[in-house]
Amino acid sequence: MYPTILALHNIVRWLALILGILAVVRSLIAWRQRQAWNVADRRWGVFFSSAMDLQLLLGLLLYFFFSPLTRSALQDFGAAMGNPGLRFFALEHALYMVLAVVFAHLGGVFVRRTGDEMIRHRTATLWYGLAVLLLLLGMPWNRPFFPGL
């Protein structure tokens, strides 16, 4: 089960990153060109947030149930903090990614709460951009695209 969930988690990370970049670029261009907010703009944010939710679910399954890395780290958290590899997955990666999910959702909430279309695009650019930045900071870049290959 662990290899399957890890493979899905690794693949969905790229989907989430691509959707996040597309949402940011779309909102930035629309903001700069002073375009009206439309259904497609909302959908890009929903797609990004949904991919982030799926990624969070897979990550939580790995973190608490399947990953031998986090299982080892959670047995002796103090010792894990002294090991950079374990610390990354036990603390840093988890923190960055949870914050990225929160920021993606905050972007969607704040966009819905404002009536001004330019502020909607600016808000989407800011919050989705912060979420993408956290994704980039917390992503394990040394992991292969398809694990096991």
Side-chain angles (χ1 to χ4, degrees), residues 1-71 73-74 77 84-149:
M1 184 70 105
Y2 170 67
T4 303
I5 294 174
L6 182 61
L8 287 172
H9 190 62
N10 276 310
I11 293 167
V12 173
R13 73 175 165 160
W14 296 109
L15 176 66
L17 182 62
I18 290 166
L19 288 170
I21 290 170
L22 290 172
V24 170
V25 168
R26 181 176 175 88
S27 61
L28 180 63
I29 290 171
W31 175 31
R32 292 294 185 205
Q33 293 180 353
R34 308 193 58 78
Q35 296 174 358
W37 184 264
N38 59 45
V39 175
D41 296 316
R42 188 184 70 75
R43 284 188 183 142
W44 280 108
V46 169
F47 293 154
F48 176 46
S49 295
S50 297
M52 293 294 290
D53 289 342
L54 176 59
Q55 187 68 340
L56 177 64
L57 175 64
L58 293 169
L60 289 173
L61 286 172
L62 287 169
Y63 193 87
F64 289 111
F65 300 109
F66 296 108
S67 174
L69 284 173
T70 55
R71 189 175 304 135
L74 293 175
F77 205 72
L86 282 178
R87 183 182 62 234
F88 177 76
F89 285 106
L91 181 67
E92 297 165 8
H93 175 68
L95 179 64
Y96 282 131
M97 296 308 155
V98 167
L99 285 174
V101 171
V102 169
F103 284 5
H105 280 283
L106 283 175
V109 169
F110 293 149
V111 161
R112 284 191 303 273
R113 288 188 176 177
T114 186
D116 184 87
E117 294 184 357
M118 291 309 104
I119 293 175
R120 282 183 173 186
H121 288 300
R122 184 182 69 199
T123 301
T125 301
L126 171 70
W127 288 99
Y128 297 154
L130 288 172
V132 168
L133 177 63
L134 287 168
L135 279 175
L136 293 171
L137 288 173
M139 193 177 278
W141 291 101
N142 59 341
R143 291 284 173 113
F145 184 75
F146 291 110
L149 295 180

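Residues: numbered from 1 along the sequence shown.
How far OG of S49 is from CG of L106: 9.5 Å, rounded to the nearest 0.5 Å. Within the model, atoms CD1 of I119 and OG1 of T114 stand 4.5 Å from one another, a figure rounded to the nearest 0.5 Å. Rounding to the nearest 0.5 angstrom, the gap separating the CG atom in L134 from the CG atom in L95 is 8.5 Å. Taking CG of L6 as the reference point, atom NE2 of H9 lies at 7.5 Å (rounded to 0.5 Å). Rounded to the nearest 0.5 Å, atoms CD (Q35) and CE (M118) are 8.0 Å apart. Here F89 contributes atom CZ and L69 contributes atom CG; the two are 6.0 Å apart, rounded to the nearest 0.5 Å.
For the pair L15 and Q55, the minimum side-chain heavy-atom distance is 4.5 Å or more. When side chains are defined from C-beta on, L17 counts as touching L136, because their heavy atoms get closer than 4.5 Å. A 4.5 Å side-chain heavy-atom check between L19 and W44 finds at least one atom pair inside the cut-off. Here the side chains of L74 and Y63 are in contact, with some heavy-atom distance below 4.5 Å. With a 4.5 Å cut-off on side-chain heavy atoms, D41 and R26 count as touching. Inter-residue side-chain proximity for L135 and M97 is flagged as met; some heavy-atom pair is nearer than 4.5 Å. In this structure, the side chains of F48 and V132 come closer than 4.5 Å at one or more pairs of heavy atoms.
Across F110, W31, W37, a single residue satisfies ring pair (Phe, Tyr, Trp, His ring centres under 6.0 Å) together with H121, and that is W37.
For W141 and W14, the distance between ring centers is under 6.0 angstrom.
Side-chain atoms of S27 come within 3.5 Å of backbone atoms of V24 as a donor-acceptor pair (strictly under, hydrogens ignored). Between the side chain of H93 and the backbone N or O of F88 there is no donor-acceptor pair closer than 3.5 Å. Side-chain atoms of R13 come within 3.5 Å of backbone atoms of P140 as a donor-acceptor pair (strictly under, hydrogens ignored).
Taking the six-membered ring where the residue is Trp, F103 and W127 present perpendicular rings, their angle passing 60° and hence far from 30°.
The shortest non-hydrogen separation linking R120 to R112 is NH2-O, 4.0 Å. Across every non-hydrogen atom of F77 and A90, the tightest pair is CE1-CB, 3.9 Å. Of all non-hydrogen atoms in M52 and A16, the two that sit nearest each other are SD-CB, 3.9 Å. Across every non-hydrogen atom of A73 and L86, the tightest pair is CB-CD2, 4.3 Å. Considering all non-hydrogen atoms of both residues, G138 and Y96 come closest at CA-CD1, 3.5 Å. Counting all heavy atoms, side chain and backbone alike, T125 lies closest to L28 at OG1-N, 3.2 Å.
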Self-check item: Residue pair Y2, L62: steps toward the side-chain contact (heavy atoms from CB on, under 4.5 Å) verdict
Solution: CA-CA 7 Å; Y2 170 67; L62 287 169; 3.7 Å; yes
